[in-house]
Amino acid sequence: MSNAQANHIARYPVPELTDLPEDLRVRILAVQDKSGFVPNVFLALARRPDEFRAFFAYHDALMEKDSGLTKAEREMIVVATSGANNCQYCVVAHGAILRIRAKNPRVADQVAINHRKAEITERQRAMLDFALKVATDSAAIGEADYAALHAQGFSDEDAWDIAAISAFFAMSNRIANALNLKPNDEFYLLGRVPKAND
């Protein structure tokens, strides 16, 4: 991608990879090697290296750790709450990741629009009820919300994870919306058609 193309991904110009600190460049190139492209959020946030590091450190702490939530369930939280927050970038980007992790080409679109009608389990529905309340009305969270999670087998630590993911991506949604961050074209097709070797 040329810098001219890259500069159309958000309101602010993005830096050249060659101008970035080594740790950011290594991280971005590793993502490119793994996925075949650089998600635009990496380029947009790279303008502010300290914020990039802090953002992705917390992202990784929430999304890559072992917990009572599967990686697909964590992505469901991101997609559902990003839909509620009208964040096009996060719905499209994390919708692609959700389709791949859930091995289900329909689930991301369903969860982004209305998780209550999505083809998910009752457990996942309870998880998303809680996540959406955190994202849209966190002041109203009470013991009944935790009881609903416990009834589906979630622990208090799982509830913390659901809340933290919802809150982190509420921040991410607001940054992406303020920056007018555009989703990469590649995200739109990922996970929609099974690979030949799946």
Side-chain angles (χ1 to χ4, degrees), residues 1-67 69 71-101 108 111-112 131-132 134-136 138 160-191:
M1 173 187 300
S2 72
N3 203 40
Q5 290 171 310
N7 281 330
H8 292 289
I9 68 170
R11 184 182 189 285
Y12 294 89
V14 300
E16 294 280 359
L17 282 177
T18 54
D19 295 335
L20 293 177
E22 179 69 11
D23 62 316
L24 271 65
R25 189 167 53 255
V26 166
R27 169 104 193 221
I28 290 171
L29 291 174
V31 169
Q32 182 177 37
D33 287 344
K34 183 176 179 181
S35 64
F37 65 99
V38 178
N40 290 341
V41 68
F42 286 86
L43 299 172
L45 294 182
R47 305 177 39 87
R48 294 186 166 203
D50 289 342
E51 291 171 42
F52 177 107
R53 292 179 188 106
F55 180 94
F56 284 108
Y58 195 33
H59 171 279
D60 294 351
L62 293 172
M63 301 300 285
E64 301 298 331
K65 71 177 186 173
D66 291 330
S67 80
L69 307 176
K71 287 189 175 187
E73 286 171 339
R74 283 176 255 180
E75 294 297 337
M76 273 185 206
I77 294 167
V78 178
V79 173
T81 58
S82 296
N85 289 325
N86 297 309
C87 182
Q88 183 185 65
Y89 182 86
C90 292
V91 168
V92 173
H94 288 274
I97 299 167
L98 173 55
R99 287 190 298 271
I100 291 166
R101 291 200 166 154
V111 165
L132 283 161
V134 170
T136 63
S138 61
W160 181 305
D161 289 340
I162 296 165
I165 293 166
S166 302
F168 175 79
F169 279 94
M171 177 196 71
S172 179
N173 296 158
R174 285 155 177 77
I175 292 171
N177 278 335
L179 300 182
N180 193 24
L181 186 59
K182 306 287 190 241
N184 301 67
D185 289 343
E186 292 89 344
F187 282 129
Y188 288 96
L189 296 180
L190 284 174

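With sequence neighbours excluded, no residue forms a side chain to side chain donor-acceptor pair (under 3.5 Å) with Asp66. Asn177 pairs by the side chain to side chain donor-acceptor pair (under 3.5 Å) definition with nothing, not counting sequence neighbours.
Going from atom SG of Cys87 over to atom OH of Tyr89 covers 9.0 Å, rounded to the nearest 0.5 Å. In this structure, Arg25 CZ and Asp19 CG are separated by 8.5 Å, a value rounded to the nearest 0.5 Å. Annotation: the span from Leu179 atom CG to Ile9 atom CD1 amounts to 9.5 Å, rounded to 0.5 Å. One distance of note links CG of Asp185 with CG of Asn40; it measures 9.0 Å at 0.5 Å rounding. For the atom pair CG (Leu24) and CG (Leu43), the distance works out to 10.5 Å, reported to the nearest 0.5 Å. Rounding to the nearest 0.5 angstrom, the gap separating the CG atom in Leu20 from the CZ atom in Arg27 is 13.5 Å.
When all heavy atoms are compared, the tightest approach of Ala112 to Val91 is CB-CG1, 3.8 Å. The shortest non-hydrogen separation linking Val79 to Ala108 is CG1-O, 3.6 Å. The minimum heavy-atom distance linking Met63 with Arg74 is given by the pair O-NH1, 3.1 Å. Residue Pro39 comes nearest to Val31 through the heavy atom pair CD-CG1, 3.4 Å, listed as atom of the first residue, atom of the second, then distance. Across all their heavy atoms, Ile28 and Ala46 have their closest contact at CD1-CB, 4.3 Å. The two residues Leu181 and Ala10 come nearest to each other via the heavy atoms CD1-CB, 4.0 Å.
Residues Glu64 and Lys71 are in side-chain contact: their nearest non-hydrogen atoms beyond the backbone lie under 4.5 Å apart. Inter-residue side-chain proximity for Leu29 and Gln32 is flagged as met; some heavy-atom pair is nearer than 4.5 Å.
Side-chain atoms of Asn85 never come within 3.5 Å of backbone atoms of Arg174 as a donor-acceptor pair (strictly under, hydrogens ignored). With hydrogens and angles ignored, the 3.5 Å screen pairs a side-chain donor or acceptor of Arg99 with a backbone N or O of Leu190.
Checked options Arg47, Arg48, Arg53; the residue passing with Glu51 is Arg48 (criterion: side-chain hydrogen bond (donor to acceptor under 3.5 Å, both in side chains)).
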Give every donor-acceptor pair under 3.5 Å between a side-chain atom in residues 160-172 and any protein atom, sequence neighbours left out.
unit_1	atom_1	unit_2	atom_2	d
Asp161	OD1	Lys65	NZ	2.7
Ser166	OG	Ala131	O	3.4
Ser166	OG	Ile162	O	2.8

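The aromatic rings of Phe56 and Phe52 lie tilted to each other, with the angle between the two planes from 30° to 60°.
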